[in-house]
Amino acid sequence: MNAALSPQDVRVQRRIRAAVASRPHGISETDRYTPEERAIDERINAGCPWPTGPIAMLPVAQLYLRDVRSLRPPGRSEDDLLQVLWCPFDHPAHPRTALFWRSAATVGDVLDTPPEPPAVQFPGYLPQPCLLEPEQVTEYPNVMELSEELQQQLGDWDRWQTAGDAVDNYYAPAPQEFYMGKLSIAPGWKVGGWTRWGLTDPEPRLCLACGTEAEPLLTIATTEWDPSTDSWAPEEDQANPTALLPGHPPARATMIDLARGYDLQLHVCPASPDHPHIELVQ
C-alpha cells in the first residue's frame, strides 16, 4: 500500500518540481534539486498516516449554465450550477464522485477556504485550481459505435480525397486514423459529447434505478491534449511552436492523474437527477 500524502505536502512538492523543471537541463534532474528541496521531497515521499473515519471530499469542478450552455440539469429547470466533488481515495479503483445541482441564486455565504481531507491517496487526486475557459467544438462518435457500413466508408481513401488538402496523404494507408485522431472524440475535460472508449469496447450505460440509457455529463480528463492530438489544442496553444513538439509534456493544468493517464466519465440518467450517476474510466 502506498503512503498517503497531505494536500499541503502535495502542493509543496508541485512547487519544488516546477522549480526544478525550470532550471538548466545540462545536468541530471536529481542534481537540479537544492539540498533543502531534496530533504523536503524525501520527507514528503515518506507519507503521512492514512485517515480513519469520515473525511471531507475535494471540489473537482464548478460549472455554471451561463458559461457552459450545453449544461442541462435533468428534470430541474431552475438549477444552473453543477458542483462535482470526490473522495481522494480509490473506491475501488478510482475516486468516488458526488454531484450537486443547485440554483446559483440560492447560494448564501461562500467559504474562503473549503474543508480538506487530512490526506489523499495519490498526488494526482488533488486538483490544482484553475479557471474555466469553455469552448464549443464538434466531435463524432468513436468508430466502434458506428455501423459496419459507415466504418467501411471511413476506410475508403477515395472518399477522403474529395476533402482535398484537408486530409494529409500520410493517412492514406489507414484513413480511419484520421477520423479517430482529428474528428472523433475531443480530448480533455468536456461537458456532454460522445463517450470515450479504449480500455473496453462500447457497452450500454443503463441507469441502475430505472434502466434508462444514461447520457454523458462530464469527462474529468488527466490531460487536455498532447502532440498526438494537437489539432484539438486551443488556438493560443497552437500558436506556441514549442508546445507542439514531440516529447513536450501534455497540457495538464488541473494536475489530475486518473488510472495512469485515463479519464473518468460521468453519465447521468435523463429521467431524474435523483437517480445514481455512472462512473466510467476509459
Side-chain angles (χ1 to χ4, degrees), residues 61 68 70 93-94 124 133-206 213-254 256-268 278-282:
V68 186
S70 59
H94 55 74
E133 296 184 17
E135 179 181 3
Q136 188 170 4
V137 299
T138 300
E139 61 174 12
Y140 298 91
N142 186 292
V143 68
M144 293 186 291
E145 293 201 77
L146 300 177
S147 67
E148 184 176 346
E149 179 183 359
L150 284 176
Q151 290 186 39
Q152 290 176 350
Q153 291 178 13
L154 289 177
D156 185 350
W157 179 242
D158 290 337
R159 286 178 174 268
W160 284 108
Q161 286 183 301
T162 61
D165 294 338
V167 183
D168 195 307
N169 285 333
Y170 170 83
Y171 293 97
Q176 288 185 348
E177 293 298 320
F178 177 80
Y179 174 81
M180 290 294 293
K182 306 294 184 180
L183 303 175
S184 179
I185 306 297
W189 288 60
K190 66 177 181 178
V191 170
W194 292 95
T195 302
R196 294 177 190 157
W197 300 102
L199 289 177
T200 67
D201 288 345
E203 57 187 26
R205 287 129 290 148
L206 304 180
E213 180 77 12
E215 298 177 346
L217 171 68
L218 176 68
T219 298
I220 301 170
T222 294
T223 61
E224 286 302 300
W225 59 274
D226 58 31
S228 68
T229 56
D230 58 7
S231 64
W232 293 102
E235 291 182 355
E236 58 269 25
D237 289 327
Q238 293 192 24
N240 178 10
T242 61
L244 305 181
L245 293 175
H248 191 276
R252 189 166 158 247
T254 62
I256 284 176
D257 188 357
L258 288 161
R260 297 183 180 180
Y262 288 94
D263 303 332
L264 179 60
Q265 302 176 80
L266 308 183
H267 295 71
V268 293
I278 298 172
E279 299 169 334
L280 175 69
V281 173
Q282 289 287 330

Between [X] and [Y], what is the shortest heavy-atom contact and its length?
X: A186; Y: V137; value: CB-CG2, 4.3 Å
X: P175; Y: P173; value: CD-C, 3.8 Å
X: G181; Y: W232; value: O-NE1, 3.3 Å
X: T195; Y: H267; value: OG1-NE2, 3.0 Å

List the atom pairs, with distances to 0.1 Å, where a side-chain N or O of residues 215-224 and a protein N or O form a donor-acceptor pair under 3.5 Å, not counting sequence neighbours.
| residue | atom | partner | partner atom | Å |
| --- | --- | --- | --- | --- |
| T222 | OG1 | L258 | N | 3.0 |
| T222 | OG1 | Y262 | O | 2.5 |
| E224 | OE2 | W189 | N | 3.1 |

Side chain to side chain donor-acceptor pair (under 3.5 Å) against [X], all qualifying residues, sequence neighbours excluded:
X: Q176; value: none
X: H94; value: none
X: Q151; value: none
X: Q282; value: T200

Going from CD on Q152 to CZ on R159, what distance comes out if it is rounded to the nearest 0.5 angstrom?
->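 Here the interatomic distance stands at 10.0 Å.
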Salt bridge (Lys or Arg N to Asp or Glu O under 4.0 Å) pairs touching residues 172-184, sequence neighbours excluded, are K182-D230
Legend entry - Side-chain touch L146/Y140, heavy atoms, less than 4.5 angstrom: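 Not in contact.
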Answer yes or no: are there more than 12 heavy-atom neighbours, outside Q136 itself, under 6.0 Å from its atom CD?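 Open: at most 12 neighbouring heavy atoms sit under 6.0 Å from CD of Q136.
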Looking at W197, I'd like to know if its CH2 atom is crowded, meaning that more than 12 non-hydrogen atoms belonging to other residues, nucleotides or ligands lie closer than 6.0 Å. yes
Report the residues that fulfil side-chain contact (heavy atoms from CB on, under 4.5 Å) with [X], sequence neighbours left out, ordered by chain and then residue number.
X: D158; result: D156, Q161
X: M180; result: N142, V143, S184
X: E149; result: S147, Q153

By salt bridge (Lys or Arg N to Asp or Glu O under 4.0 Å), E145 pairs with (sequence neighbours left out) none
Sorted by chain and number, sequence neighbours left out, salt bridge (Lys or Arg N to Asp or Glu O under 4.0 Å) with R196 holds for D263
The complete set of ring pair (Phe, Tyr, Trp, His ring centres under 6.0 Å) pairs with one or both residues in residues 166-188, sequence neighbours excluded, reads W160-F178, Y171-F178
For E213 and L206, run side-chain contact (heavy atoms from CB on, under 4.5 Å): C-alpha distance rounded to whole Å, both residues' side-chain angles, the deciding distance at 0.1 Å, then the answer.
-> CA-CA 5 Å; E213 180 77 12; L206 304 180; 3.2 Å; yes
